[in-house]
Amino acid sequence: MTIETIDPQHPLCFDHITLTDRPLIVCDIDEVVLEFVTPFQTFLKAGGRELLPRSFRLHGNIVPLGSTEPVPDAMVPTLLEDFFQTQDAWQTPARQAAETLADLSGEADIVFLTAMPPRHTEVRRRLLDRHGLSAYPLLATEAPKGPVVRQLHDARDVPVVFIDDILRNLESVRAHAPDCLLIRLMANAEFLAMAPAPSEGIESAADWADAARIIRRHLQHGSHL
Ligand SMILES: [Mg+2]
């Protein structure tokens, strides 16, 4: 098994994050706190393209409007870069995300961990702040999420929860923070229906209310072992 590590050339700064002795909830952004697929589809249409729901991936499914032939793979990162640069014009909170996080913040520390180039942190921060999500510190990194969660949690004796839509991220956290409660949550129902089933030890939440139920059940059991 490959041991993932945080790139020593690009160490993550945790200085803006203050954790208490309460449980820790680490939460992905795209498709979890903010809608991603639906606003990305709107963004693509504005540029004469569309994302077809043919499989659970972007590559091979972005086509010029009216065509079924995908744009070159090399164009996908460029489109994502343009989208992230102007994300505050497109993205909106997922249903019940802000309200549920506000509720949960009464009993747990919440940290956002987003797999986005760190150069877009400022625009994302502004977007989150505008939607009542200013209380939660944000980490943006393209590093694997498991080592980040492990470093953040630092083996403290409190429960830790990780929420993400992508199994690769959930499995990375499972490998590096084995006590962590893992929840798969995805806002876009059409792409969720094509997503691979969560592997062992990963809970599936239908929506934010369901995620909150799973988290509270875990916390009330008083055991995170
Ligand atoms: Mg995501």
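Indexing begins at 1, ligand by ligand and atom by atom, following the structure's order.
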Legend entry - Atom name in D165, limited to N/O/S, at shortest distance from the Mg ion (ligand 1): OD1
Inset, instruction - Return yes when at least one N/O/S atom of D28 is nearer than 2.8 Å to the Mg ion (ligand 1), and no when none is. - result: yes
Inset, instruction - Could you tell me whether the side chain of E35 and the main chain of Q91 form a donor-acceptor pair under 3.5 Å? - result: no
Legend entry - Residue D164, metal the Mg ion (ligand 1), N/O/S under 2.8 Å: no
Legend entry - salt_bridge(D129, R126) N-O dist < 4.0 Å: no
Legend entry - Student check: side-chain heavy atoms of T68 and R54 closer than 4.5 Å: yes
Legend entry - Atom of D30 closest to the Mg ion (ligand 1), considering N, O or S atoms: O
Legend entry - Side-chain ion pair, E81 and R119, N-O less than 4.0 Å: yes
